[in-house]
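Here the structure comes first, spelled out in structure tokens, and everything after it is commentary.
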Amino acid sequence: MRLEDSKLRAAIAELGVEYQPAIAMSEYTSLGIGGTTDLLLIKKHESIPGLLRLLDDNRVPHRFLGGGSNLLVGDGELPWIVLQLAKPEPEIVLDGNFARVDAAADLGRTVTYCAKHDLGGMEGLIGVPGTVGGALRMNAGAYGMQIGSYVREVKLYRAAARTIEILSGDQISFEYRHTSFAPDDMMLAVTLELPSKSYQEIIQGIRICNEKRRASQPLGQKSAGCIFKNPPGASAGRMIDELGLKGFHVGDARVSDRHANFFVNAGRATAKDMLSLIAEVRERVEKVYGVKLENEVVVWNA
């Protein structure tokens with residue numbers, strides 16, 4: 001989608017929002033898949049309510065983009081623009097065991113920064129790509145931990161009320177790869193309460209997690225992490241593997257040879273390829289195991 005109205009673009013600029021025309025979403029997602037649209041880069045949280053009113057008044061459809069690491073975007077010219085938070089300085093402010101982190105902050109760098117200040121608990125997230133806001137929205141976790149356990153406060157833009165609000169941790173429901181945030185809520189910042197640990201202890205935990213990832217995940221390939229959520233008491237990857245589907249592909253969309261719940265872009269895969277692969281694998285698993293797998297990857301169809 002293109003913002004062709006020059007008056008609208010001028011009004012957006014007055015809010016301190018940067019207009020970037022005709023960006024390729026394939027360059028903004030870890031899968032390397034996605035069509036083209038315009039992007040608005042938001043530099044101040046306070047400009048969001050005015051910006052959203054402006055877009056709504058002009059009937060401009062939009063989506064909120066985080067780090068793009070758990071996202072499959074449709075092909076071609078997209079029917080909406082994307083909004084993204086600029087990274088602020090500083091991204092992280094520490095106060096004792098509390099870390100106030102901007103949603104646009106890189107998740108891995110956040111874990112490392114906190115570790116250097118003897119704050120642990122999030123070692124399992126060190127290899128998870130994307131932003132803190134994205135991890136917060138989906139309650140990212142690995143190796144027995146999840147980020148929701150440490151959340152004490154969240155600053156967010158609530159689209160339904162068109163306001164910026166602050167929620168305490170006990171006002172938010174955190175479940176397996178799911179939270180109570182509305183789909184159009186925009187994560188702005190989070191306050192985490194982290195346990196004190198020595199830097200050496202944290203680094204040892206990080207090394208163990210990294211070794212497990214290197215042994216079991218297709219690092220260095222274009223992927224969106226796990227495609228499906230694990231059903232209760234079962235493993236999506238194990239079921240896909242038992243069906244002999246590692247290496248199965250539709251075009252350049254391929255089930256990873258290393259981890260069957262990771263689907264990779266092995267070349268020039270399109271969203272159509274990836275969606276066909278997801279549908280085919282889901283159908284085969286349901287036919288054999290009677291389990292209908294639920295997406296963990298977020299899909300933005302064109």
Side-chain angles (χ1 to χ4, degrees), residues 30 45 64-71 85 87-88 90-158 165-183 185-197 201-203 205-210 212-213 217 223-230 261 294-298:
S30 57
H45 294 170
F64 298 125
L65 175 66
S69 61
N70 188 42
L71 185 62
L85 294 175
K87 288 181 169 59
E91 294 179 329
I92 307 167
V93 176
L94 300 181
D95 181 11
N97 287 77
F98 293 91
R100 187 185 183 280
V101 189
D102 194 89
D106 178 82
L107 181 59
R109 284 198 295 270
T110 297
V111 175
T112 303
Y113 182 87
C114 290
K116 290 177 179 178
H117 292 81
D118 298 326
L119 295 176
M122 297 199 298
E123 293 87 332
L125 295 177
I126 188 66
V128 177
T131 63
V132 169
L136 180 63
R137 171 172 286 284
M138 69 172 291
N139 191 24
Y143 306 117
M145 62 75 58
Q146 56 187 24
I147 193 171
S149 302
Y150 303 106
V151 172
R152 298 297 173 261
E153 192 174 87
V154 174
K155 179 183 178 184
L156 73 164
Y157 172 77
R158 306 220 84 156
E165 297 182 11
I166 294 178
L167 301 180
S168 62
D170 57 12
Q171 291 178 282
I172 306 163
S173 172
F174 290 101
E175 300 173 11
Y176 172 68
R177 301 300 179 269
H178 179 75
T179 61
S180 55
F181 299 119
D185 285 345
M186 188 177 192
M187 307 296 106
L188 303 179
V190 61
T191 299
L192 304 169
E193 184 178 9
L194 302 172
S196 296
K197 286 186 179 182
E201 183 183 357
I202 298 169
I203 289 300
I206 287 173
R207 287 197 188 104
I208 292 170
C209 292
N210 280 340
K212 290 179 179 178
R213 280 201 170 84
Q217 296 180 10
S223 83
C226 288
I227 289 292
F228 300 113
K229 296 179 182 179
N230 285 326
N261 199 17
E294 182 183 348
N295 282 357
E296 184 167 318
V297 67
V298 175

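A quick note: this is a predicted structure, and the numbers were derived from the prediction, not measured.
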Closest heavy-atom pair, S173 versus S180, reported as atoms and distance to 0.1 Å, is N-OG, 2.9 Å
Please answer whether the main-chain N or O of K229 pairs with a side-chain N or O of Y176 as donor and acceptor at a distance below 3.5 Å. no
Test item: V101 and Y113 side chains (from C-beta on) under 4.5 Å apart, heavy atoms: no
Could you check whether any side-chain heavy atom of V190 comes within less than 4.5 Å of a side-chain heavy atom of Y150, counting everything from C-beta outward? no
Smallest separation among heavy atoms of E296 and N70, with atom names: O-ND2, 3.1 Å
On a heavy-atom basis, which atom in T110 and which in A105 lie closest, and how many Å separate them? OG1-CB, 3.7 Å
Side chains of L136 and F174: does their closest heavy-atom pair fall under 4.5 Å? yes
Within the 4.5 Å heavy-atom criterion, are L85 and M186 side-chain neighbours or not? yes
Qualifying side-chain hydrogen bond (donor to acceptor under 3.5 Å, both in side chains) pairs with a residue from residues 131-141, counting only residues at least two apart or across chains: N139-Q146
Value rounded to 0.5 Å, distance of NZ in K87 from CZ in R109: 6.0 Å
Measuring from L188:CG to K155:NZ, what's the distance to the nearest 0.5 Å? 6.0 Å
Could you tell me the separation between the CG atom of L167 and the CZ atom of R152, rounded to the nearest 0.5 Å? 14.5 Å
Can you list the residues that meet the salt bridge (Lys or Arg N to Asp or Glu O under 4.0 Å) rule with E91, with sequence neighbours excluded? none
N97 side chain vs L194 backbone, donor-acceptor pair below 3.5 Å: yes
Atom pairs and distances, side-chain donor-acceptor, residues 120-130, under 3.5 Å, sequence neighbours left out:
unit_1, atom_1, unit_2, atom_2, d
E123, OE1, G121, N, 2.8
E123, OE2, K197, NZ, 3.2

Would you give the length of the straight line joining atom CZ of F181 to atom CE of M138, rounded to the nearest 0.5 angstrom? 13.0 Å
Test side chain to side chain contact (heavy atoms under 4.5 Å, CB included) on S196 and D118 and set out the steps. CA-CA 6 Å; S196 296; D118 298 326; 5.8 Å; no
Could you measure the distance from the OG atom of S69 to the CG atom of L107? Nearest 0.5 Å is fine. 8.5 Å
Are any of the side-chain heavy atoms of D102 and H45 separated by less than 4.5 Å? yes
L94 and I92: which non-hydrogen atoms are nearest, and at how many Å? CD2-CG2, 3.8 Å
Taking C-beta and beyond as the side chain, do D95 and R100 meet within less than 4.5 Å on heavy atoms? no
Quick one: does N295's side chain get under 4.5 Å of F228's, heavy atoms only? yes
Taking the side chain as every heavy atom from C-beta outward, state whether K116 and I202 have any atom pair closer than 4.5 Å. no
Identify the two heavy atoms, one from A135 and one from I147, that lie closest to each other, and give their separation to 0.1 Å. O-CG2, 3.5 Å
Heavy-atom pair of closest approach, residues M187 and A103: O-CB, 3.2 Å
Check for a donor-acceptor pair, side chain of R177 on one end and backbone N or O of G141 on the other, with a separation under 3.5 Å. yes
